[in-house]
Amino acid sequence: MNEYNSELGETLVRLRDEHKWNWGLIRGFVNRQFHVSLDQPTLKELYRQAKCK
């Protein structure tokens with residue numbers, strides 16, 4: 001599970017910082033790619049956690 005969280009965090013940082021995607025696009029992509037159903041506030045919190053590492 002930790003590897004999954006790490007990959008998700010890296011993906012969030014890459015999409016937001018490098019590709020400058022908005023949160024709506026990120027939410028759709030992440031939910032399809034990782035087979036989850038996360039809302040924007042949850043994704044933003046995961047993004048903040050990934051940036052702090």
Side-chain angles (χ1 to χ4, degrees):
M1 190 67 176
N2 194 17
E3 181 179 323
Y4 172 81
N5 287 338
S6 176
E7 184 179 348
L8 177 58
E10 291 172 6
T11 300
L12 289 171
V13 171
R14 184 178 69 249
L15 294 176
R16 186 70 182 160
D17 294 351
E18 294 178 23
H19 298 293
K20 308 296 186 204
W21 284 18
N22 67 46
W23 287 108
L25 286 173
I26 292 171
R27 183 177 54 85
F29 177 81
V30 166
N31 285 338
R32 283 190 306 274
Q33 186 73 22
F34 290 91
H35 307 288
V36 294
S37 181
L38 301 173
D39 59 4
Q40 287 185 19
T42 303
L43 289 171
K44 288 178 181 181
E45 182 59 32
L46 292 171
Y47 168 79
R48 286 186 202 105
Q49 291 173 6
K51 289 287 283 188
C52 289
K53 290 184 180 179

Residues passing the side-chain contact (heavy atoms from CB on, under 4.5 Å) test with His19, sequence neighbours excluded, are Arg14, Leu15, Trp21
Using modelled atom types and a 3.5 Å cut-off, is there a donor and acceptor pairing between side-chain atoms of Arg27 and backbone atoms of Trp23?
no
Between Val13 and Glu10, is any pair of side-chain heavy atoms under 4.5 Å apart?
no
Is there a side-chain contact between Ile26 and Tyr47 (heavy atoms, below 4.5 Å)?
no
Nearest heavy-atom approach of Leu43 to Leu12 is O-CD1, 3.7 Å
Is any side-chain heavy atom of Val30 less than 4.5 Å from a side-chain heavy atom of Leu46?
no
By the side-chain hydrogen bond (donor to acceptor under 3.5 Å, both in side chains) test, which pairs, at least two apart or in different chains, include something from residues 34-44?
Asp39-Thr42
Partner residues of Lys51 under the salt bridge (Lys or Arg N to Asp or Glu O under 4.0 Å) criterion, sequence neighbours left out:
Asp17
Looking at residues at least two apart in the chain, or sitting in another chain, which of them share a side-chain contact (heavy atoms from CB on, under 4.5 Å) with Gln33?
Phe29
Salt bridge (Lys or Arg N to Asp or Glu O under 4.0 Å) against Arg48, all qualifying residues, sequence neighbours excluded:
Glu45
With sequence neighbours left out, the residues meeting side chain to side chain donor-acceptor pair (under 3.5 Å) with Asn22 are none
